[in-house]
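This report concerns only the one structure given below.
Bear in mind the structure is a predicted one, so any value in this text is a computation, not a measurement.
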Amino acid sequence: MLEELEGPPADGTLGFLHIDMDAFYASAEILRRPELKGKPVIVGGTGHRGVVAAASYEARAYGVHSAMPSTKARRLCPEAIFMSGDMHYYMAISARIMALLRNITPLVEPLSLDEAFCDIRGVLHMNAPAPQVATQIRNQVLETEGLTCSVGVAVSKFMAKLATEQAKPKATKEGPIFGSGIHVVEPGTEQAFLDPLPIRALWGVGPATEKRLIPLGVKTIGDLARLEPAVVTSTLGNKTGTHLHLLANAVDHRGISLQRAARSIGHEETFPTDIEDRNELNLQANRLADAVARRMRESNVSARTITIKVRFGDFTTITRSHTPGEPVAGWRDISRVSQQLLDRVDIRKGVRLFGISGANLVPNDYDDGADATSAGIDDGADATSAGTDGH
């Protein structure tokens, strides 16, 4: 059930597509509330710890972007309309779009609810050339869902993803200015396309890596491509340096990653204020356990392992796991195990975020013919994190 497969590696054929919905959450909300069309819409929390999950192009024109604190977004765009979001609604739309893609090719790699790679090389003989298939996808998404998407077409996943950025609408306060919606990087033109792009456009280069590359005179992808590999690896390490240097030279042989089913099912929440009261946290555990159990019922699976995630006010994050004697799926069992794990955690620092997930999933009709044994409480090393709270 959890087997992972890899599609064939890239071979130079123009057959990789990257599909990315345009301002997905915000556009989905506007779709069912047409009176919001043309207005700056922000999906995300409104509290002092809220984070922007998505913003319409009208809001983006003010500088609002995803993962930005909601308080800052409101300062930048005081007239913005904030919406809390509806994940079940977004997931339903996403499932239909992914099904549409799988009707074209079985080689689909979802990256998130609103983004996926497709490898159509094996079905080109049944369909039109890749750019025409991209047009077909855009038209079908618009006709069936009333939403727009952008598509990149190239000979590899990396190039297709960068191509999508060139196809995206431009943000203005009056609304998006739509471009082609599809951008094709023709075989043989990859390096010319890459060279002038800023180094941060390179997949895997963040602020820290950029800072290490600046002393080498690297400002663009072309600058990195022209460096000797040994110089790059001595600065970034062998694995990272080699990988980024290859990408900068348009070398990406990866195929589509296929995953038969979710590795885990979970739910987490960031609280408006830190929770220091154990009874209150137990009530939250009950509520989150119910959400996890509901999703397990929908997927017809049970979990062999239950994990809790606790993020404190100082952003230190820990996880604790337990494997009961039998797989669990009901909210009472999930809540019981979660609270047993929580009892072993000192919460006096205040809990900022709490989450519950079930892993090692098995179908509800699964029977391995052997008794499972308890793996006990996992008190492994604490993990620290200062990242943005997930939404």
When you look at T305 and T323, which way does the side-chain hydrogen bond (donor to acceptor under 3.5 Å, both in side chains) test go after all the steps? CA-CA 4 Å; T305 301; T323 301; 2.9 Å; yes
At their closest point, which heavy atom of M159 faces which heavy atom of A154, and how far apart are they? CB-CB, 3.4 Å
The criterion is salt bridge (charged side-chain N to carboxylate O under 4.0 Å, His left out); which residues satisfy it with D11, sequence neighbours excluded? R121
For residues M91 and V43: do they belong to one hydrophobic cluster (side chain heavy atoms under 4.5 Å, members Ile, Leu, Val, Met, Phe, Trp, Tyr)? yes
Check: D86 and R32 side chains under 4.5 Å, non-hydrogen atoms: yes
Could you note down all residue pairs passing salt bridge (Lys or Arg N to Asp or Glu O under 4.0 Å) where residues 205-220 supplies at least one of them, sequence neighbours left out? R200-E210
Applying salt bridge (charged side-chain N to carboxylate O under 4.0 Å, His left out), can you list everything that pairs with R33, at least two apart in sequence or on another chain? E35
Specify the closest pair of heavy atoms between N286 and W331, including all atoms of both residues, with the distance to one decimal. OD1-CZ3, 3.4 Å
Residues at least two apart in sequence or cross-chain that pass side chain to side chain contact (heavy atoms under 4.5 Å, CB included) with Q284, listed by chain then number, are F271, I275, R287
Test ring-ring contact (aromatic ring centres under 6.0 Å, His included) applied to F193 - qualifying residues, sequence neighbours left out: H183
Considering residues at least two apart in sequence or located in another chain, which fulfil the side chain to side chain contact (heavy atoms under 4.5 Å, CB included) criterion with S94? M98, L113
Which heavy atom of A225 sits nearest a heavy atom of Q191, and at what distance? CB-NE2, 3.8 Å
With sequence neighbours excluded, what pairs up with P198 under the side chain to side chain contact (heavy atoms under 4.5 Å, CB included) test? A201
Is there side-chain contact between M21 and L147, with heavy atoms separated by less than 4.5 Å? yes
Just checking K349: does its NZ atom have more than 12 heavy atoms from other residues, nucleotides or ligands closer to it than 6.0 angstrom? yes
Do W203 and I199 share a hydrophobic cluster, counting only Ile, Leu, Val, Met, Phe, Trp and Tyr and linking them when any side-chain heavy atoms are less than 4.5 Å apart? yes
Can you name the closest pair of heavy atoms from G358 and I306 and give their distance? CA-CD1, 4.0 Å
Residue pairs passing the salt bridge (Lys or Arg N to Asp or Glu O under 4.0 Å) test where at least one lies in residues 130-151, sequence neighbours excluded: R96-E145
Might you work through the side-chain contact (heavy atoms from CB on, under 4.5 Å) test for F354 and I308, ending with a clear yes or no? CA-CA 7 Å; F354 183 67; I308 65 168; 4.0 Å; yes
To the nearest 0.5 Å, atom CG of N360 lies from atom OG of S264 at 9.5 Å
Does L246 belong to the same Ile/Leu/Val/Met/Phe/Trp/Tyr cluster as I221, with side-chain heavy atoms less than 4.5 Å apart forming each link? no
Do V151 and V153 come close enough that some side-chain heavy atom pair is under 4.5 Å? yes
Please report the C-alpha distance between K239 and H243 in whole Å, then the side-chain angles of each, then the deciding distance to 0.1 Å, and finally whether the side-chain contact (heavy atoms from CB on, under 4.5 Å) criterion is met. CA-CA 6 Å; K239 183 177 181 180; H243 175 65; 5.8 Å; no
Hey, quick one: are L111 and V205 part of the same hydrophobic cluster, counting side-chain heavy atoms closer than 4.5 Å, chains of contacts allowed? yes
Could you report the tightest heavy-atom contact between A130 and L14, atom names first, then the distance? CB-O, 3.3 Å
Is there a side-chain contact between L227 and D223 (heavy atoms, below 4.5 Å)? no
Which residues satisfy the salt bridge (charged side-chain N to carboxylate O under 4.0 Å, His left out) test with R74, sequence neighbours excluded? none
How long is the gap from CG on N282 to OG on S335, to the nearest 0.5 Å? 7.5 Å
Please enumerate all residues that pass side chain to side chain contact (heavy atoms under 4.5 Å, CB included) together with D252, with sequence neighbours excluded. S156, K157, F158, L247, R254
Using 30° and 60° as the class limits, which term best fits the ring planes of Y90 and Y25: parallel, tilted or perpendicular? parallel
State, with a plain yes or no, whether a side-chain heavy atom of I19 is found less than 4.5 Å away from one of L17. yes
When you check the side-chain N and O atoms of S150 and T164, is any donor under 3.5 Å from an acceptor? no
How many angstroms lie between atom OG of S302 and atom CG of L361, to the nearest 0.5 angstrom? 8.5 Å
Go through it in stages, so that I can follow the logic: the residues are R320 and T307, the test is side-chain contact (heavy atoms from CB on, under 4.5 Å), and I'd like the CA-CA distance, side-chain angles, deciding distance and then a yes or no. CA-CA 6 Å; R320 296 288 184 264; T307 299; over 6 Å; no
For the side chain of E276 and the backbone of G350, is there at least one donor-acceptor N/O pair under 3.5 Å apart? no
Begin with the C-alpha distance, continue with both residues' side-chain angles, and end with the deciding distance and a verdict on salt bridge (charged side-chain N to carboxylate O under 4.0 Å, His left out) for K168 and D20. CA-CA 9 Å; K168 281 287 184 181; D20 194 6; 3.5 Å; yes
Which pairs would a plain distance check flag for residues 57-64, meaning a side-chain donor or acceptor within less than 3.5 Å of a matching protein atom at least two apart in sequence or in another chain?
residue: E58; atom: OE1; partner: S56; partner atom: OG; Å: 3.2
residue: R60; atom: NE; partner: A55; partner atom: O; Å: 3.0
residue: Y62; atom: OH; partner: E79; partner atom: OE2; Å: 2.8

Members other than I30 in its cluster, when Ile, Leu, Val, Met, Phe, Trp, Tyr link by side-chain heavy atoms under 4.5 Å? L36, V41, I81, M83
Interatomic distance, Q166 atom CD to L197 atom CG [nearest 0.5 angstrom]: 6.0 Å
Are V337 and L283 connected, step by step, through hydrophobic side chains (Ile, Leu, Val, Met, Phe, Trp, Tyr) whose heavy atoms are closer than 4.5 Å? no
So, for P8 and L107, which heavy atoms are closest and what is the spacing to 0.1 Å? CD-CD1, 4.0 Å
What distance separates I120 CD1 from T13 OG1, expressed to the nearest 0.5 Å? 10.5 Å
Just verifying a value: how many Å separate E109 CD and H18 NE2, rounded to the nearest 0.5 Å? 9.5 Å
Pairwise side-chain contact, L236 with T233, heavy-atom cut-off 4.5 Å (strictly under): no
